[in-house]
Every structure is written in structure tokens, then in C-alpha cells.
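What follows is a set of notes on a single structure, which appears directly below.
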Amino acid sequence: MNVYDSSRIADMLRNQGYEETAKQQDAELVIFNTCHIREKAAEKLFSDLGRALLIKQERAAEGKQTVIGVVGCVVQAEDEQILKRAPFVDFAVGPLMYHTIKDILQRIKENKTHEGEVYTDFPAESKFDYLPENKAQGACSYLAVQEGCNNFCTYCVVPYTRGVEYSRPVEEVLAEAKRLISTGSLEINLLGQNVNSYHGEDKNGKERDLAYLLHKMAELDGLQRLRYTTSYPADMTDELIDCHRDIKILMPFLHLPLQSGSDKILKAMNRRHNVEDYLRIIEKLYKANSELRMSSDFIVGFPGETDEDFAKTLDAVNKVKYIQAFSFKYSRRPGTPAAVMENQIEEKVKKERLEILQNLLFDYQDKFNKSCIGRVLPVLLEEKGRHKGQLIGRTPYMQNLHVETNSANLNKIINVEVVEATTNSLSGKEL
Ligand code: 5AD
Ligand code: SF4
């Protein structure tokens, strides 16, 4: 979501006459888009800001002004505190207030601003209404269809930093998709913190779900690949599951976070699914499309997690055999219910559990990648590789794949026979 937001902010700035620079040293304006999901992500901002200050000072010595802005969820959570810790920041704007950036920059230009403007409202209007029309920046595009979250998992800051759920109207999504396709997108990934609870209005004011939106997207001329992320297990409806059978351009790879394999922990996390429900959904998905493969997020060391609970997470991984997954040590986030739960888990235990879980996850990822050797996969080539004549792309399963091919194939889909595989990438030869 932050990648999408950053690109929309860049669109807005381009309309204002700004251009991207290759080096931060050359930039008159630097904006940090921030994540507050775990402590480590939030702390990264302050070390990055320290480096930006040095550059700002060097540029000032050459008589050049540098405006530094911070946007995103850290701003929402820290508010004015950001300016206390980094007083050289010129403005700070929360994730629903990006539209204010344009006017702030104008005020700075005209010297009409006070030091450090901060905006962290949750406006009722959609932030999307203010953003300018966008163009594809490559063959793969993100498209946010839903923002915010009402699920309130007890560990998570998102409902507090991104606010309540909001779904963009169907027509607005389709118009953005058409623009992306006409400017070069072959693949669109529909985004939302809880994307499968999408309930945007159609042109008659009727609420429509994600399954409806996926069918509408699939009718668009020129779109070759469709994905959606991130989904909440309890919101996987039968209609949505059927899309994996009926929509040919829907890629056979689904991110469906389980978080923990223990029902006791899932309950304490306030997740509205237990392990059995989750496995049942996966079974239905496989029945709809036997090519489908899964990925997930996991948190280890949630308060109260015993060795037995953790073993159940490993059991679930052994059952689903995820081909990719993200796993994290539980991070205490101020203001969330889990942060004040008793029985917090020691750092040492979290570290041990994470290592065990990641080793198991990597094993399955490695096995799946190796099982692709000899298969012919369509690959969307997204960037140049390190070696001349090499391009890097993604398979339908989101694996990175390197291939020697004509550079004119950049941003195209070609068929590749997989020749080699490691845990993190594949390589192959063009057919
Ligand atoms: N600690 C660790 N991981 C977290 N996530 C969300 N909040 C926390 C937290 N407090 C993870 C979840 C979520 C992913 C985006 O980040 O697994 O699915
Ligand atoms: Fe956070 Fe996702 Fe839970 Fe929403 S569903 S509270 S975004 S983990």
C-alpha cells in the first residue's frame, strides 16, 4: 500500500512540475513514506531522517534549500512528536491527508508557512478524490480499491493509523484500471488492508463485493494478469473462491494470512477464524483451482504463546505447504490491546521460534521452486538484470525469474522453461 501511495504522491508532484532525481543529494524535496506496523519499521524513519539532515546541511552550505517531509502511518501515530524528535522536518502528513501536500509546498515556496506543519485528520471524504489521474509506471501496477480496516486484530495499528474501512466506487476503480492498461499495465494487483471485504458502490448506488469487481476487471481489454491482496480469511466468500475457477487471468497465487496455528492465540488476536475454518477455505480454493498455491503472514511470540501453541503453527505450515510467507516476531505497538496483555514473551524465545518457523517456510519455498524445474512458465519481465542481456520478471506464483532475452521484451510476457531454482529465485531459458 505504501508503494502505491508513494507513486500517487509522485504523480501529484509531477503535476506540480517536480521531477525525480537519481540521488538524494540533488533533491530539493525529500518525502519519507513510513510504516508503523512494527517497531523496527518505525525506528528506521529516525535513522533515515538523521542521514537526510546531514544532506540538508551540506546543501545549505552550498546555498541550496531542502524541504523534508514525512508521510504515512508513523505520522498518524506519533503526530507532533515527530517534530520534537526531528525539528528540521518541514511537514508531516498522515495517510489520509496526502492532498494537503500540494498547498503546503506552495506555502513553503512563498515563505508563508510556520515551521513544521502537521496534518493527521481522518477526513470523511475519500483521499482518492484529490489525487490526480495516474499512469502506469511499468507493466505491473498496484491499484488501491479499499483503505483502512475494521477488524481490530489486537496486535495491529492499522485500524488506528489508516482509519475505518472505505471502499472506492466500482466505476472509479475501473476508470483507474483502464488508464493503467492504456498506459502499459499488463498486470494489476488490487490492494486493500482487508481487500476481500471490499464493498464499493456501483453506478446505481448498489454495494458490490470483490468477486463482482474481479469479474468486471477481467472484462477489461488488454489486462493479462489480475491479483488481489491482502485477504482476511473470514471474508473469503464462496463467490470469491469461485473466481479462482472462473476468471482465467486471476493468477493462481493467493496471500491469505493465518498469523498463528493455535486457536487459543487466534482468539486472543481477535481473528474471526480458527484453524479448521481456515483449512476448510483452503480446501475449497484448491477444489476451485488445483493450480492455486498459498502464501501467508505469521506472528511468533504473541502474548501467551506456549511451545505447544507454536508447535501448532508449524503443524499448520506442514498442512498448507505455503510456497512463500512473511513471518515476524510479535512487536508491541503502543495503543493496541495486545501491548498491555500480561504474559508477554521473552525476546530470546521469539527469536528462537522465528528461526525455526522461517527454516520450515524456506524449506517449502525451496521445494516448490525446485519442483518448477522443467516447467514452462509465462513470465512478466519487469526489470533489467545485473548482466547484459538479462531480464528479471515474475512467474504467476510471484517467483523472481532471470532469463537471457532481448531487452525489447521488457514489460512483456514470454514463455520460459525453468532450468535452475534456489529458495529465492528461478532462472530459465526463453522458448
Ligand atoms: N507485530 C508483528 N507483526 C505484525 N503484523 C501486524 N502487526 C504486527 C505486530 N504488532 C504483521 C501481520 C500482518 C503483517 C502485515 O504484519 O502478520 O499480516
Ligand atoms: Fe491489521 Fe490486517 Fe488485522 Fe486489519 S485485518 S487489524 S490490517 S492485521
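These numbers come from the heavy atoms of this one structure, side chains and all, not from hydrogens, waters or symmetry mates. We count ligands from 1, going down the list as the structure has it; atoms in each ligand are counted the same way. The chain is numbered in sequence order, starting from 1.
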In terms of residue, atom name and distance, what is the protein heavy atom nearest to atom 2 (Fe) of ligand 2?
Gln193 O, 4.3 Å
Return yes when Arg332 approaches ligand 1 closer than 4.0 angstrom through a heavy atom, no otherwise.
no
Using a strict 4.0 Å cut-off to heavy atoms of Pro159, name the atoms of ligand 2 that fall inside it.
6 (S)
State the atoms of ligand 2, each with its element, that fall below the 4.0 Å cut-off from a heavy-atom position in Phe152.
6 (S)
protein heavy-atom neighbour closest to atom 2 (C) of ligand 1 works out as Lys329 O, 3.3 Å
Quick check: does any side chain N or O of Asn33 sit under 3.5 Å from a backbone N or O of Asn2, one acting as donor and the other as acceptor?
yes
I'd like to know whether Tyr155 forms a side-chain hydrogen bond (donor to acceptor under 3.5 Å, both in side chains) with Asn270, so could you lay out the CA-CA distance, the side-chain angles of the two residues, the decisive distance to 0.1 Å, and finally the verdict.
CA-CA 9 Å; Tyr155 51 80; Asn270 192 31; over 6 Å; no
Per-residue contact class, Phe328 against ligand 1 - non-hydrogen pairs under 4.0 Å:
side chain
Per-atom contacts, ligand 2 versus Tyr155 - under 4.0 Å to a heavy atom:
8 (S)
Specify the protein heavy atom at minimum distance from atom 10 (N) of ligand 1: its residue, its atom name, and the distance to 0.1 Å.
Ser331 O, 2.8 Å
Between Glu382 and Arg394 (salt bridge meaning N to carboxylate O under 4.0 Å), is one present in this structure?
yes
With backbone taken as N, CA, C and O and side chain as the heavy atoms from C-beta onward, which portion of Tyr232 lies under 4.0 Å from ligand 2: side chain, backbone, both, or neither?
side chain
Distance to the ring centre below 6.0 angstrom and angle to the axis at most 45 degrees; does that hold for Arg293 and Tyr322?
no
Just need the protein heavy atom nearest to atom 6 (C) of ligand 1, so name the residue and atom and give the distance.
Ile37 CG1, 3.4 Å
Might you confirm whether atom CD of Glu171 has over 12 heavy atoms from other residues, nucleotides or ligands at distances under 6.0 Å?
yes
Using heavy atoms and a threshold below 4.0 Å, how should the contact between Ile299 and ligand 1 be classified: side chain, backbone, both, or neither?
side chain
Using a distance-only test with no angle check, is there a side-chain donor-acceptor pair under 3.5 angstrom linking Asp297 and His255?
yes
Would you say Cys153 reaches atom 3 (Fe) of ligand 2 with an N/O/S atom under 2.8 Å?
yes
Of all the non-hydrogen atoms in the protein, which one sits nearest to atom 1 (Fe) of ligand 2, and at what distance?
Cys156 SG, 2.3 Å
Among all the protein's non-hydrogen atoms, which is closest to atom 7 (N) of ligand 1, and how far away is it?
Tyr155 CD1, 3.3 Å
If we ignore hydrogens and angles and just use 3.5 Å, is the side chain of Ser185 paired with the main-chain N or O of Ile188 as donor and acceptor?
no
Shortest protein contact, atom 5 (S) of ligand 2 (heavy atom only)
Asn151 ND2, 3.4 Å
Mark yes or no for whether Ser167, through its side chain, and His199, through its backbone, hold a donor-acceptor pair below 3.5 Å.
yes
Do Val379 and Leu426 make a side-chain contact, defined as non-hydrogen atoms from C-beta onward lying under 4.5 Å apart?
no
Within a distance under 4.0 Å of any heavy atom of Cys149, pick out the atoms of ligand 2 and give their elements.
4 (Fe), 5 (S), 6 (S), 7 (S)
If we number the atoms of ligand 1 from 1 as shown, the ones under 4.0 Å from a heavy atom of Arg38 are 1 (N), 2 (C), 3 (N), 4 (C), 5 (N), 11 (C), 16 (O)
Using a strict 4.0 Å threshold on nitrogen-to-oxygen distance, state whether Glu239 and Arg208 make a salt bridge.
no
the protein heavy atom lying closest to atom 14 (C) of ligand 1 turns out to be Asp297 OD2, 3.4 Å
Tell me whether Arg271 reaches ligand 2 (any heavy atom closer than 4.0 angstrom to a ligand atom).
yes
Taking the six-membered ring of Phe46 as reference, does the cationic atom of Arg85 (NZ for Lys, CZ for Arg) lie under 6.0 Å from its centre and within 45° of its axis?
yes
shortest atom 12 (C) of ligand 1-to-protein heavy-atom contact is with Gln259 OE1, 3.5 Å
Ring-plane angle category for Tyr160 and Phe152, please: parallel below 30°, perpendicular beyond 60°, tilted otherwise.
perpendicular
